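Here is the structure we will look at.
Keep in mind that this is a model prediction, so the values were computed, not measured. Worth knowing before you read on, the calculation uses all heavy atoms, side chains too, and leaves out hydrogens, waters and symmetry mates. Sequence positions, counted from 1, serve as the residue numbers for this chain.
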Amino acid sequence: LYAGTLDCQKQGAAIAINTARYLPNNYIIHILGFGTSQDLSYTKNLIDEINKQYGVTKVIYEGIKSVSYTHLKFIQKCQIGLSTQNMDASFNDTSFPSKILSYMSNGLEVVSANIGVVKNSKISQYIHFYEVQDEKEIANVILNINLNAKSNNVDVVKELDKEFKEDLKAMLVRYE
């Protein structure tokens, strides 16, 4: 699953879509996303090109799903969440991809670019990193995830939430 912006400049969706070229036919990449009409057109054309080239459905554009019970159930049917983005983008130094926590809180394994804000976070041990901006390498990371020995990422996020609340409470008590 790739969920997020279809922005052609950021390239996250395009990277995820192109990764399908290197995955076996039993893998399907679902795209949930938003963007301009140009971004949407580019995304749909890229998906059509890949699906026609391989003669099977390797990528599906699912549209934009609002945050709802149906949306969450859809995400929870997926197994892997992709946080693909241009590793050289300047925003990576200061912006943590929130989709990672969304994926984890819905029980998905996460594949992410090896960027500092993620690598140096409390959840880095639960992330499957790719080192090079290359769709073939990203596919290899996906293929090396043992889905039978999944981490319990939901519990990890719950524990982080609990820890955050305790830290916040302690901080507020100090300033009373």
Side-chain angles (χ1 to χ4, degrees), residues 1-67 70-89 91-92 95 97-115 118-119 123-124 126-151 153:
L1 170 70
Y2 171 88
T5 181
L6 305 177
D7 187 330
C8 294
Q9 300 299 316
K10 290 188 173 184
Q11 289 292 302
I15 294 166
I17 293 164
N18 280 309
T19 297
R21 297 177 190 273
Y22 303 99
L23 292 170
N25 292 343
N26 62 325
Y27 281 75
I28 296 177
I29 295 182
H30 297 273
I31 305 294
L32 291 173
F34 58 91
T36 66
S37 58
Q38 289 174 311
D39 294 330
L40 183 57
S41 178
Y42 173 80
T43 300
K44 287 181 175 181
N45 288 337
L46 184 57
I47 290 170
D48 288 344
E49 173 190 317
I50 289 172
N51 289 339
K52 285 178 186 171
Q53 179 180 355
Y54 293 93
V56 296
T57 301
K58 294 179 79 71
V59 186
I60 300 171
Y61 177 66
E62 302 287 353
I64 300 172
K65 298 204 185 297
S66 61
V67 178
T70 305
H71 173 78
L72 295 176
K73 284 296 175 196
F74 175 81
I75 291 174
Q76 292 165 3
K77 288 181 184 178
C78 297
Q79 296 175 302
I80 300 169
L82 302 175
S83 182
T84 48
Q85 57 194 53
N86 182 342
M87 294 174 76
D88 298 325
F91 63 82
N92 288 332
S95 176
S98 61
K99 71 177 72 195
I100 291 175
L101 293 173
S102 296
Y103 293 151
M104 289 179 69
S105 65
N106 282 284
L108 279 65
E109 293 293 315
V110 178
V111 172
S112 173
N114 187 357
I115 55 176
V118 180
K119 190 67 170 184
I123 60 168
S124 65
Y126 305 102
I127 307 297
H128 305 273
F129 290 101
Y130 61 90
E131 302 295 328
V132 179
Q133 194 69 36
D134 176 77
E135 289 89 356
K136 192 171 187 177
E137 180 173 338
I138 297 167
N140 285 332
V141 171
I142 291 168
L143 292 171
N144 284 305
I145 296 173
N146 181 353
L147 294 172
N148 295 319
K150 288 175 59 169
S151 307
N153 288 336

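- A distance of 11.0 Å separates OG1 of T43 from CG of D48, quoted to the nearest 0.5 Å.
- Remark: the backbone N or O of L108 is paired with a side-chain donor or acceptor of N153 at under 3.5 angstrom.
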Output, in order, the C-alpha distance, side-chain angles, deciding distance and verdict of side chain to side chain contact (heavy atoms under 4.5 Å, CB included) for L40 and Y61. CA-CA 10 Å; L40 183 57; Y61 177 66; 3.5 Å; yes
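- A donor-acceptor contact shorter than 3.5 Å links the side chain of D39 to the backbone of T36.
- Here the side chain of N51 pairs a donor or acceptor atom with the backbone of V59 at under 3.5 angstrom.
- Looking only at side-chain heavy atoms (C-beta outward), V110 and V118 stay at 4.5 Å or farther from each other.
- Y103 places a side-chain N or O within 3.5 Å of a backbone atom of A3 that can act as its donor or acceptor partner.
- Between L143 and L23 the shortest side-chain heavy-atom distance falls below 4.5 Å.
- Note that CD1 of I47 and CD1 of I29 are 9.5 Å apart. Values are rounded to the nearest 0.5 Å.
- Under the 3.5 Å distance criterion, the side-chain polar atoms of E135 are left unmatched by any main-chain donor or acceptor of Y22.
- To the nearest 0.5 Å, atoms CE (M104) and OH (Y126) are separated by 7.5 Å.
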Could you walk me through whether I123 and L101 pass the side chain to side chain contact (heavy atoms under 4.5 Å, CB included) check? CA-CA 9 Å; I123 60 168; L101 293 173; 3.9 Å; yes
Start with the C-alpha distance between E49 and R21, add both sets of side-chain angles, then the distance that settles salt bridge (Lys or Arg N to Asp or Glu O under 4.0 Å), and finish with yes or no. CA-CA 11 Å; E49 173 190 317; R21 297 177 190 273; 2.9 Å; yes
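- Rounding to the nearest 0.5 Å places CD of Q38 at 10.5 Å from CG of D7.
- Around the CD atom of Q76, the shell of radius 6.0 Å holds more than 12 heavy atoms that belong to other residues, nucleotides or ligands.
- The closest donor-acceptor contact from the side chain of S83 to the backbone of V111 lies at 3.5 Å or more, if one exists at all.
- In this structure, Y2 OH and K99 NZ are separated by 3.5 Å, a value rounded to the nearest 0.5 Å.
- Looking at S41, its side chain never comes within 3.5 Å of a backbone N or O of S37 through a donor-acceptor pair.
- To the nearest 0.5 angstrom, I145 atom CD1 is 4.0 Å from H128 atom NE2.
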